[in-house]
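Working notes, structure below.
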Amino acid sequence: MKLPAPSKDGRISLEKTIEKWRSVRAFAAKKLSLEQMGQLAWAAQGITSPRGYRASPSAGALYPLEIYFVTEEAVYRYIPAEHGFELHKEGDARRALSEAALGQGFVADAPLDIVIAAVYERTARKYGERSRRYVHIEVGHAGQNILLQAVALGLGAVPVGAFHDKAVAKALSLPADHEPLYIISVGYPE
Ligand SMILES: Cc1cc2nc3c(=O)[nH]c(=O)nc-3n(C[C@H](O)[C@H](O)[C@H](O)COP(=O)(O)O)c2cc1C
């Protein structure tokens with residue numbers, strides 16, 4: 001599924017966006033549009049150069065992160081090269097994801113949960129033992145871009161680190177080498 005081209009002109013400055021940041025844990029029952037989801041995906045891992053470099057930095061440009069979008073309808077995986085979503089799994093995985101996240105209810109209520117997973121091996125091939133540190137730094141970069149983009153879109157978001165890794169992987173039927181590192185719940189602030 002092709003996503004709409006991302007906007008490069010926000011209505012709010014970077015500085016005001018940073019100042020406005022606050023975790024939001026209560027969401028209105030209103031779905032996000034494909035434009036909004038595409039914009040969040042682009043902010044995290046969109047391709048921003050003819051050489052294939054992306055919106056957030058990556059050690060050795062090896063790009064170990066995989067981004068999943070969990071909505072009421074399905075779980076999608078973002079494909080940066082196409083700026084598109086690939087259908088990963090049909091159905092609503094948000095309840096199972098919320099249970100995996102120690103029952104944090106806003107994960108089930110949010111119209112969108114973004115799960116950032118990592119394939120450590122992509123970075124380990126070059127950087128060996130150092131690679132785990134690099135991948136963890138990278139998930140912070142991509143996560144921060146998502147959070148700030150959410151604010152710039154007038155949306156609310158909360159980063160979630162408290163979850164059982166295996167239960168998240170099961171809820172989303174992740175491939176064995178895609179290890180979940182971060183959940184970001186996004187929606188209209190209630
Ligand atoms: C790595 C990380 C993990 C977090 N995990 C959770 C979480 O599981 N549940 C939650 O409600 N908030 C979580 N938060 C959000 C923090 O509670 C929040 O950022 C902090 O209270 C500061 O508030 P602010 O984000 O509004 O500035 C997490 C934040 C980070 C950076």
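One-based numbering, in listed order, for ligands and for the atoms of each.
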TODO: Can you figure out which of Gly161, Ala162, Pro159 has its heavy atom closest to atom 29 (C) of ligand 1?
DONE: Pro159

Task: Side-chain (Ser58) to main-chain (Tyr63) donor-acceptor, under 3.5 angstrom - done: yes

TODO: Could you tell me which residues satisfy side-chain contact (heavy atoms from CB on, under 4.5 Å) with Ser131, sequence neighbours excluded, listed by chain and number?
DONE: Thr123, Ala124, Tyr127

Open item on the list: Does the protein come close to atom 15 (C) of ligand 1 - that is, does one of its heavy atoms sit below 4.0 Å from that atom?
Closed with: yes

- [ ] Run the salt-bridge test on Glu72 and Arg95 with the 4.0 Å N-O cut-off and return the result as yes or no.
- [x] no

- [ ] Classify the side-chain pair Ser56/Glu138 by whether it contains a donor and acceptor separated by less than 3.5 Å.
- [x] no

TODO: Could you pull out, from His136, Arg25, Gln144, the option with a heavy atom nearest to atom 12 (N) of ligand 1?
DONE: Arg25

- [ ] Please check atom 7 (C) of ligand 1 for a protein heavy-atom neighbour under 4.0 Å.
- [x] yes

Task: ligand 1 contact on Leu102 by region, counting heavy-atom pairs under 4.0 Å - done: neither

Open item on the list: Using a 4.0 Å cut-off to any heavy atom of Phe106, which atoms of ligand 1 qualify?
Closed with: 11 (O)

- [ ] Please name all residues satisfying side-chain contact (heavy atoms from CB on, under 4.5 Å) with Val139, sequence neighbours left out, ordered by chain then number.
- [x] Leu65, Ile116, Leu181, Tyr182

Task: Identity and separation of the nearest protein heavy atom to atom 18 (C) of ligand 1 - done: Ser23 OG, 3.6 Å

Task: Element-labelled atoms of ligand 1 that are located less than 4.0 Å from some non-hydrogen atom of Val158 - done: 12 (N)

TODO: Report yes if some N/O of Tyr182 lies less than 3.5 Å from some N/O of ligand 1; otherwise report no.
DONE: no

Open item on the list: So if I count the atoms of ligand 1 from 1 in the order they appear, which ones are less than 4.0 Å from some heavy atom of Trp21?
Closed with: 24 (P), 25 (O), 27 (O)

TODO: Could you check atom 27 (O) of ligand 1 against the protein and tell me its nearest heavy-atom contact, residue, atom and distance included?
DONE: Arg22 NH2, 2.7 Å

Task: Tyr78 ring center within less than 6.0 Å of His83 ring center - done: yes

Open item on the list: Check for me whether Arg77 meets the cation-pi criterion with Phe85, that is, NZ or CZ under 6.0 Å from the six-membered ring centre and within 45 degrees of the ring axis.
Closed with: no

Task: Protein contact to atom 9 (N) of ligand 1 [nearest heavy atom, distance to 0.1 Å] - done: Gln104 OE1, 2.7 Å

- [ ] Check whether any heavy atom of Phe163 sits under 4.0 Å from an atom of ligand 1.
- [x] no

Open item on the list: Can you tell me which residue among Ile184, Leu155, Leu40 is in a side-chain contact (heavy atoms from CB on, under 4.5 Å) with Leu112?
Closed with: Leu40

Task: NZ/NE/NH1/NH2 to OD/OE distance under 4.0 Å, Lys31 and Glu73 - done: yes

